[in-house]
Amino acid sequence: MRPRLRQVVLNLVGNAIKFTEAGEVVVRVACRPQNNGQVELQCDVADTGIGIPAHKQGAIFEAFTQADGSTTRRFGGTGLACRFASACWN
């Protein structure tokens, strides 16, 4: 796994674990062969955690932003994981 991909997956899984007090965190990886001999990976992270309100979902990809200010006090963190994940692919 390339270093950036590894870091993105670790950030997303870490957030899922951090914000899920009860229930589950599920990571699925699918490998799809491409016509050029390479493969495409699709990685899905799903959890039963606190969730993100629909009106805040776009904002979480901005640096130092969390869905709710109380999450910083309760869970800690910088609000950079989703921004980092987004920046790696753009």
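Along the sequence shown, residues are numbered consecutively beginning with 1.
Within a 6.0 Å sphere centred on CG of N35, other residues, nucleotides and ligands contribute 12 heavy atoms or fewer.
Here the CD1 atom belonging to I17 is positioned 11.0 Å from the CG atom belonging to L12, to the nearest 0.5 angstrom. For the atom pair NZ (K18) and CD1 (I50), the distance works out to 9.5 Å, reported to the nearest 0.5 Å. Note: C31 SG to E40 CD = 9.5 Å, rounded to the nearest 0.5 Å.
Taking the side chain as every heavy atom from C-beta outward, N15 and V45 never approach each other to under 4.5 Å.
V13 and V29 fall within the same hydrophobic cluster, where Ile, Leu, Val, Met, Phe, Trp and Tyr residues are linked whenever their side-chain heavy atoms come under 4.5 Å apart, directly or through other members. Cluster annotation: L10 and L41 are assigned to distinct hydrophobic clusters (Ile/Leu/Val/Met/Phe/Trp/Tyr, side-chain heavy-atom contacts under 4.5 Å, transitive).
A distance-only check finds a donor-acceptor pair linking the side chain of T48 to the backbone of A22 [under 3.5 Å]. Side chain of Q34 to main chain of R32: a donor-acceptor pair is present (N/O by atom type, distance under 3.5 Å, no hydrogens or angles).
Across all their heavy atoms, V9 and C43 have their closest contact at CG2-SG, 4.0 Å.
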